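Quick caveat, the model's predicted, so the values are computed rather than measured.
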Amino acid sequence: MLKEAVYYTRMARGLFDILRLPPPADPRGRLRDQIEHRVERFAAQVRDYVFATPDHPYRIMFEQAGCQYGDFENSVRSGGLEATLRQLRDSGVYLLHAELKGKRPIVRHGREIPGNGDSFLKRGNGGHWTSRSGGSRSAGTSTPHSTAYRAYRNCYEAVLAEEFGLAGRECILLFPILPAPYAFTTARALQHVELPVSRWFAVGGNMRDTGHYRVVTRALVAEAKLLGTAIPWPEYLPSNDFTPVVRHLEKVSARGRKSVVWGIVSPTVRVAAAAIEMGVSLAGVIFLTGGEALTEAKREVIEQSGAEVHPNYFISEMGTVGYGCSRMRGNCVHVFEDNVAVIAVEREAPLSGAPVQSLHFTTLLPLNPRLLINVEMDDHGVVGPASCDCVLSRLGYRTQVDGIFSFSKLTGYGATLVGSDILRVLERGLPQRFGGSPADYQLVEAESEGLGKLVLRVSPRTGAKDAAAVREFFLKEVRALFGGSLTVREWRHGDALAVVLEEPEITRAGKVLSLHLLEEGARQHAKAGRR
């Protein structure tokens with residue numbers, strides 16, 4: 001409780017700093033300047049933060065690879081940044097997702113390298129606003145953001161407003177309340193490009209589970225309003241009911257205006273599905289979504305409602321990776337090459353056994369609070385050139401990542417829970433409570449008619465008779481994880497979790513995997529990447 005109080009006190013201070021920021025001056029020019037100078041500015045950061053610090057984890061990796069700073073600088077200038085990053089990856093200069101999270105030690109060439117997530121923070125680049133990634137019973141990975149960094153990121157909204165023709169549209173948020181901070185930063189960024197938010201629809205849970213989050217959310221909204229930000233009070237949706245959003249979109253359309261909805265993928269799909277059931281057309285509505293994979297099934301539901309949808313790709317530890325443009329299909333985005341460089345390495349997914357193109361990220365922006373080189377975030381994607389003629393391509397974002405999804409994390413409904421954390425619940429908590437062995441419980445992340453679903457399969461061998469009791473115990477255990485209260489709130493509202501007393505599924509290789517993460521999607525996208 002004390003840690004949360006300190007965290008939200010800092011957030012209030014950080015929000016005060018962010019809300020006082022002026023609109024970005026010449027956002028296109030600022031982004032273009034960083035794109036043009038990305039290589040030399042990144043090289044300077046490697047010199048100043050890595051090679052100037054003898055015990056820096058990356059410095060030790062470079063030494064093990066036999067690479068001095070002069071070698072690195074010559075390589076990026078002559079051979080290109082991405083080619084150099086791939087050579088470094090092959091030589092052991094990289095970071096696994098679990099290593100960044102502090103869940104396993106950093107070991108290269110048989111030597112343990114001291115370090116954790118904080119080892120990669122840049123000195124002097126922090127601020128009072130802190131974002132947290134999802135995690136285990138620990139505090140997750142915290143990333144402090146300076147006001148200068150937030151101001152730079154506001155440039156993205158200005159470019160997106162131009163690409164999607166958002167001027168004159170009514171802006172609506174479909175974001176959860178705290179502990180997720182998306183609504184506050186999005187509302188301020190949109191106001192800077194003259195797109196004030198009119199409504200904020202949120203899944204609020206019940207007062208017993210989320211009362212303190214509602215109180216703090218209301219306090220921060222009040223602070224934002226006092227500082228002149230057009231952010232509305234959150235309107236809590238009834239359980240498993242998205243019709244209020246549809247009714248509002250219908251009213252906006254009846255007034256002759258168009259809408260843009262910013263939100264998490266699964267809730268936007270639920271809005272579209274509700275509109276279809278109600279016989280309401282969402283023609284003219286644009287959904288700008290993120291937080292989880294925009295699969296083809298989810299896209300089809302949204303487009304069937306008459307709306308259009310475009311994904312974004314954001315990672316807490318490194319910021320905005322990219323946005324899809326108005327011409328892209330699939331779960332595809334332009335890589336924001338001012339902020340990150342991306343390479344893909346083929347490997348076998350640890351939880352499904354399927355071959356995937358594992359994305360490795362390197363942070364380039366000097367204002368980014370972390371310097372990360374070849375960090376594997378357990379996401380799949382196919383990297384290639386962006387061939388579309390759009391605002392983003394003309395600005396210089398000419399690389400795309402297609403078919404993005406996580407292969408070791410649950411990301412449905414915008415929640416992010418690491419697979420290893422869920423495995424502890426499946427393989428320890430459930431067997432201890434209901435009997436059986438770890439092989440008797442299996443969680444499958446799947447889709448049904450475009451809607452994300454989780455199915456917990458429980459072998460009859462366990463002797464469990466009451467599926468409802470198993471479901472409540474599982475939700476209780478998930479709630480105990482860091483970020484779990486938000487996750488359970490979203491799962492309950494969307495009726496996303498089902499428990500069936502049936503044998504776990506067996507893979508073609510005869511394996512019983514405790515956690516299936518869209519395995520078929522992984523197999524299809526991997527094939528696409530090898531064509």
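- No side-chain heavy atom of Val46 sits less than 4.5 Å from a side-chain heavy atom of Val76.
- Counting heavy atoms from C-beta on, the side chains of Pro232 and Val197 come closer than 4.5 Å.
- Taking both residues in full, the closest heavy atoms of Ala341 and Glu82 are given as CB-OE2, 3.6 Å, listed atom of the first, atom of the second, then distance.
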> Which is it for Phe51 and Phe62 under the ring-ring contact (aromatic ring centres under 6.0 Å, His included) test, yes or no, and what are the steps along the way?
Replying inline: CA-CA 9 Å; Phe51 282 91; Phe62 271 100; 5.0 Å; yes
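- Listed for the Ser281 side chain is a donor-acceptor partner under 3.5 Å among the backbone atoms of Ala283.
- Contact detail for Leu392 and Phe336: the closest heavy-atom pair is CD2-CE1, 4.4 Å.
- Salt bridge Asp338/Arg38: absent, no basic N to carboxylate O contact under 4.0 Å.
- Side-chain contact between Glu376 and Tyr94 is absent, with no heavy atoms from C-beta onward closer than 4.5 Å.
- Glu157 has no carboxylate O lying under 4.0 Å from a charged side-chain N of Arg188, or vice versa, which leaves the two without a salt bridge.
- Interatomic distance, CD of Glu170 versus OG of Ser198, reported as 3.0 Å (0.5 Å rounding).
- Taking the charged nitrogens against the carboxylate oxygens, Arg270 and Glu277 have no contact shorter than 4.0 Å, which rules out a salt bridge.
- A donor-acceptor pair is defined here as one N or O able to donate and one able to accept, closer than 3.5 Å; no such pair exists between the side chain of Lys298 and the backbone of Thr268.
- Using modelled atom types, one side-chain atom of Asn368 and one backbone atom of Met318 make a donor-acceptor pair closer than 3.5 Å.
- We find the CG-CG distance between Leu195 and Leu166 to be 5.5 Å, quoted to the nearest 0.5 Å.
- Residues that satisfy the side chain to side chain donor-acceptor pair (under 3.5 Å) test with Arg28, not counting sequence neighbours, are Glu162.
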>> Apply side chain to side chain contact (heavy atoms under 4.5 Å, CB included) to residues His360 and Leu85 and explain how you reach the verdict.
In response: CA-CA 9 Å; His360 289 58; Leu85 292 173; over 6 Å; no
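- Looking only at distances, no side-chain donor or acceptor of Glu337 sits under 3.5 Å from a matching main-chain atom of Ile35.
- In this structure a side-chain-to-backbone donor-acceptor pair under 3.5 Å is missing from Ser393 to Asp389.
- No more than 12 heavy-atom neighbours from other residues, nucleotides or ligands sit within 6.0 angstrom of NZ on Lys251.
- In terms of modelled atom types and a separation under 3.5 Å, the side chain of Ser253 and the main chain of Glu250 share no donor-acceptor contact.
- Between Tyr323 and Tyr156, the ring center distance fails the sub-6.0 Å criterion.
- Ion pair Arg370/Glu317 not flagged as a salt bridge, since none of the NZ, NE, NH1 or NH2 atoms sits closer than 4.0 Å to an Asp/Glu carboxylate oxygen.
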> Does the pair Thr229 and Gln191 meet the rule for a side chain to side chain contact (heavy atoms under 4.5 Å, CB included), with working shown?
Replying inline: CA-CA 7 Å; Thr229 296; Gln191 186 170 349; 3.7 Å; yes
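- Ring to ring, Phe120 and Tyr58 are close: their centroids are under 6.0 angstrom apart.
- A tilted orientation is assigned to the rings of Tyr182 and Phe175, their planes being inclined by 30° to 60°.
- The distance from atom OG of Ser316 to atom CE of Met377, rounded to the nearest 0.5 Å, is 8.0 Å.
- At distances below 3.5 Å, at least one donor-acceptor pair connects side-chain atoms of Arg108 with backbone N or O atoms of Gly92.
- Put simply, OG1 on Thr185 and CD1 on Ile231 are 9.0 Å apart, with the number rounded to the nearest 0.5 Å.
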>> For a ring-ring contact (aromatic ring centres under 6.0 Å, His included) check, start with the C-alpha distance between His310 and Phe164, then their side-chain angles and the critical distance, and finish with the verdict.
In response: CA-CA 10 Å; His310 307 283; Phe164 293 110; 4.7 Å; yes
>> Please determine whether salt bridge (charged side-chain N to carboxylate O under 4.0 Å, His left out) holds for the pair Arg329 and Glu303, giving the CA-CA distance in whole Å, both sets of side-chain angles, and the decisive distance to 0.1 Å.
In response: CA-CA 12 Å; Arg329 294 287 303 176; Glu303 292 180 344; 2.5 Å; yes
>> Determine whether Val271 and Val246 satisfy the following criterion, side chain to side chain contact (heavy atoms under 4.5 Å, CB included), listing intermediate values before the conclusion.
In response: CA-CA 6 Å; Val271 170; Val246 178; 4.0 Å; yes
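- For the pairing with Asn374, the side-chain contact (heavy atoms from CB on, under 4.5 Å) check across Ile343, Val345, Leu95 returns one residue only, Ile343.
- Considering all non-hydrogen atoms of both residues, Ala273 and Val301 come closest at N-CG1, 4.0 Å.
- Thr84 contributes a side-chain N or O that, together with a main-chain N or O of Gly80, makes up a donor-acceptor pair within less than 3.5 Å.
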>> Quick one, Val159 with Leu395, criterion side chain to side chain contact (heavy atoms under 4.5 Å, CB included). Give me CA distance, side-chain angles, the key distance, then yes/no.
In response: CA-CA 9 Å; Val159 174; Leu395 185 59; 4.0 Å; yes
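- Counting heavy atoms of neighbouring residues, nucleotides and ligands inside a 6.0 Å radius, atom CD of Glu40 exceeds 12 of them.
- Residues Arg41 and Asp33 are paired through a salt bridge, judged by an N-O separation under 4.0 Å between the basic side chain and the carboxylate.
- When side chains are defined from C-beta on, Tyr149 counts as touching Leu365, because their heavy atoms get closer than 4.5 Å.
- The two residues Gly115 and Ser119 make their nearest non-hydrogen contact at CA-OG, 3.3 Å.
- Using a distance-only test at 3.5 Å, with no hydrogens or angles considered, no donor-acceptor pair links the side chain of Glu163 to the main chain of Cys325.
- Between Val333 and Pro311 the shortest heavy-atom distance is CG1-O, 3.9 Å.
- Scored by the side chain to side chain contact (heavy atoms under 4.5 Å, CB included) test, Pro234 finds Ile177, Trp200, Ala202, Thr217, Val221, Tyr236 as partners (sequence neighbours excluded).
- Remark: Phe361 CZ to Leu100 CG distance equals 12.0 Å, nearest 0.5 Å.
- Looking only at side-chain heavy atoms (C-beta outward), Leu359 and Tyr313 come within less than 4.5 Å of each other.
- Take His56 and apply the side chain to side chain donor-acceptor pair (under 3.5 Å) test, not counting sequence neighbours, and it matches no residue.
- You'll find the side chain of Cys67 stays beyond 4.5 Å of the side chain of Met61, heavy atoms only.
- In this structure, CH2 on Trp262 lies 5.0 Å from CG on Leu190, to the nearest 0.5 angstrom.
- Between the side chain of His334 and the backbone N or O of Gly324 there is no donor-acceptor pair closer than 3.5 Å.
- Asn312 is not listed as a side-chain neighbour of Thr320, based on a closest heavy-atom distance of 4.5 Å or more.
- Salt bridge absent: Lys258 and Glu308 never bring a charged side-chain N and a carboxylate O closer than 4.0 Å.
- Annotation for Ile106 and Pro57: closest pair CD1-CB, 4.5 Å, computed over non-hydrogen atoms.
- Counting heavy atoms from C-beta on, the side chains of Tyr397 and Leu31 come closer than 4.5 Å.
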